[in-house]
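Everything on this sheet refers to the single structure shown next.
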2 protein chains.
Amino acid sequence: MHYTEQSHTFRKIIMTKRITLADVAADAGVSAKTVSDVIHHRGRMREETRERVRNSMRALGYTTNLAARTLRTGSAKLIGLAIPNFAQPFNGNYADIVTSYAWAKGYRVSITTYHRLSQGLRELSADAYRFGVDGWIFLTDTPIPAQDNFLNQDRPVVLTGDYLSHGVADTIMFPNVEASQTATTRLFELGCERIGFIGAPANADSLDVTTQQLDAALTAQEGNSAMRLRGHLTALLQHNRSPLPSLVGACTRLDRSDGEKATLRLLDAGAQFDALFCANDAVALGAMSALTSRGLRIPEDVQIIGFDNTPDAAFSSPRLTTIDPFTEQYAQMAVDCLISRLEGDETAPTVHITDFALIERDSTRH
Amino acid sequence: MHYTEQSHTFRKIIMTKRITLADVAADAGVSAKTVSDVIHHRGRMREETRERVRNSMRALGYTTNLAARTLRTGSAKLIGLAIPNFAQPFNGNYADIVTSYAWAKGYRVSITTYHRLSQGLRELSADAYRFGVDGWIFLTDTPIPAQDNFLNQDRPVVLTGDYLSHGVADTIMFPNVEASQTATTRLFELGCERIGFIGAPANADSLDVTTQQLDAALTAQEGNSAMRLRGHLTALLQHNRSPLPSLVGACTRLDRSDGEKATLRLLDAGAQFDALFCANDAVALGAMSALTSRGLRIPEDVQIIGFDNTPDAAFSSPRLTTIDPFTEQYAQMAVDCLISRLEGDETAPTVHITDFALIERDSTRH
């Protein structure tokens, strides 16, 4: 019998024992040697026969030896995507885009979160065998130590997440500094005078930001929170404002709860601001929640801009003005880079930066 | 040298070639035979030596042969979690809880989305070898056909997502009917008279809901949208109200955009309602967005209750009253069931149903 891809839909697959090579041969109506030839990519036969054997293997769930075959050929066309977890709305959206685009390119994606691993990404990196992936797209939320660069391994890795790979792996970054500078500049254009920033990197001991930290922030080279703060401060200086610690709120996880708390801290300390630029949309949504709870109107009293253009941003009340860092382009660059490495590209690792746009909605004035 | 788990953090791992068994032996200061014994779980040696060899394998990234070992022992302690995609905020949250809990039980989780696969879950089911998983937790968003039950396979599967496994696999369900009945009953208690429902299952041809469909909905046995509608209608009948098609909005994907459109459709058709019970939080957030855009106040003009208690629900404006279906318990039941099957439990498949609570926030009156 010859089963087409579609007709599998209608087959009853009930397995009570391990499927053997002989079972596949019987199902496909060929010899065991032919099945073996297909598995090992050898022998001469019509493409139709090869396809029939593959369909039988699939339909019968001839799994164990396919795993062995994967080991032998070294490729299951499977990309690993490692993200911290799904607490950030950005991450699920990113995973969906990577998966869709990889699929269009003939690859599947296996997603793993690493926040539970004591050594985080490093541990996954050494553990690719568990997931059977050919290469990784890492979304990192912490720096990769230059002196101990675990990206330098025998499987290709593409680094995303706004940290440096120190020349070891292809790196995809958002235009953090430039886009943040644009957001803060836009708030000046909209008439704001005292623009705060929520989502600065947290000091280990305190959430109070110091003047020294703000000075140092102007030279940040990595980290989305640090780079976005840098863009914001750069715009302040261009408008002849001194960066004020009292207008900068630090966050540890950059989620909604963080953004809410940081904004309440500033308000409780008596900070006077007429606008907030936030390190990401989650923080901005938390900030909006804090402002609303204190009776402040958005955008009448305080204008707000976020960063990421996550799907939530269009459904908040009011709808959030935000930087669109072209997440689709970002995800596609990551997939393209990884596939190109898997296919043998051995040129030097490159840093790719996406384009961006400011999406003006109702949390800023029209 | 003896490396502890912690000290790996500080080791330099730069790989330029495949690591061999001899490299591991040299690093651990043992013979190649000792390394081989550790890999194959044989030989007699001090536990400390075994541990030292394992640490060297890990630190050097001795991957390929570990994959071979995984094949041999048949278990990498890896659970597969298959979800449609991350468009639903529920899904990322669910993935995080499954991962954390599985981790606490000594298992890792590999997450795969299946919306891009032409045959969806069925295709993954036949493809476990690609992901190297021992068993699956499936989150399904469509019915599993009883006559062609692909859950009946040689790897354990636990079904989540409110569809029936027809006795083939352990099934974890939310208390959809009972909890929805409670939500609608609460809206009556809060003084509502005309309670609408957003998120009914969509008719293939039209988003208009008929009286016949509402009658049929009272016997729904599966599907979260259908079962929640059933609970809602049951509460209406208990309060001597006739289910009215004009107060029921259908959705296709149950996301925010869907909820917004369905609510606008009801409003445009002139529907008069003072409350909405929504099939999930995403739909409820979309409904809130629609009401706000038409100048209706929540909860003054329309009270709203969602379902899922996703993290977003606490950060909407106003904060969303919702059913908490104990997602943590749901995820833990799924992991516990799967691990129990992996460890040899051969009792008959069971249906487990979580507890629930109504979380009252600001989208209903106090």
Side-chain angles (χ1 to χ4, degrees), chain A residues 8-15 17-18 58-59 61 63-64 66-68 70-71 76 78 85-87 89 91-93 95-96 99-100 103 108-113 116 118-119 122 125-126 128-132 147-150 152-154 256 260 285-286 288-289 292 311-312 315-317, chain B residues 5 8-15 17-18 58-59 61 63-64 66-68 70-71 76 78 85-87 89 91-93 95-96 99-100 103 108-113 116 119 122 126-132 147-150 152-154 256 260 285-286 288-289 292 311-312 315-317:
Chain A
H8 291 162
T9 316
F10 308 103
R11 296 193 65 197
K12 192 163 185 177
I13 305 180
I14 296 182
M15 272 175 261
K17 62 176 186 69
R18 284 267 164 201
R58 243 175 266 139
T63 53
T64 303
L66 279 171
T70 297
L71 261 186
L78 186 65
N85 60 21
F86 291 99
N91 295 358
N93 187 37
D96 280 346
T99 301
S100 294
W103 177 253
R108 287 203 191 166
V109 177
S110 165
I111 305 161
T112 315
T113 61
R116 300 295 299 191
S118 57
Q119 299 185 44
R122 169 198 310 277
S125 188
Y129 76 90
R130 279 179 181 259
F131 302 100
Q147 73 284 8
D148 177 21
N149 201 320
F150 58 86
N152 195 358
Q153 53 160 301
D154 64 350
R256 285 168 290 211
E260 185 174 50
L285 295 175
M288 283 168 63
S289 181
T292 306
D312 323 41
F315 288 95
S316 57
S317 307
Chain B
E5 192 68 22
H8 291 160
T9 317
F10 307 103
R11 296 193 65 197
K12 192 164 186 175
I13 306 179
I14 295 183
M15 273 177 257
K17 61 177 186 71
R18 285 266 165 201
R58 245 176 263 139
T63 53
T64 303
L66 279 171
T70 297
L71 261 184
L78 187 65
N85 60 20
F86 291 99
N91 295 358
N93 186 36
D96 279 345
T99 300
S100 292
W103 177 253
R108 288 203 190 166
V109 177
S110 165
I111 305 161
T112 313
T113 61
R116 301 294 299 190
Q119 298 184 46
R122 170 197 309 281
D127 253 11
Y129 77 89
R130 281 179 179 259
F131 301 99
Q147 73 283 8
D148 176 20
N149 200 321
F150 58 86
N152 195 358
Q153 53 160 302
D154 64 350
R256 286 168 288 208
E260 184 174 49
L285 295 176
M288 282 167 65
S289 182
T292 305
D312 321 42
F315 288 95
S316 57
S317 305

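Convention: sequence-line order gives letters A, B, ...; per-chain numbering from 1.
Counting all heavy atoms, side chain and backbone alike, A/S316 lies closest to A/L285 at CB-CD2, 3.4 Å. For B/F86 against A/G92, the heavy-atom pair with the smallest separation is CB-O, 3.5 Å.
By the side chain to side chain donor-acceptor pair (under 3.5 Å) test, B/S289 pairs with A/R319, B/E260, sequence neighbours left out.
Both the backbone and the side chain of B/S100 come within contact range of chain A, with heavy atoms under 4.5 Å apart. Both the backbone and the side chain of B/D312 come within contact range of chain A, each with at least one heavy atom under 4.5 Å from a heavy atom of that chain. Residue contact with chain B, scored on non-hydrogen atoms closer than 4.5 Å, involves the backbone and the side chain of A/S317 alike.
Listed for the B/N85 side chain is no donor-acceptor partner under 3.5 Å among the backbone atoms of B/T113.
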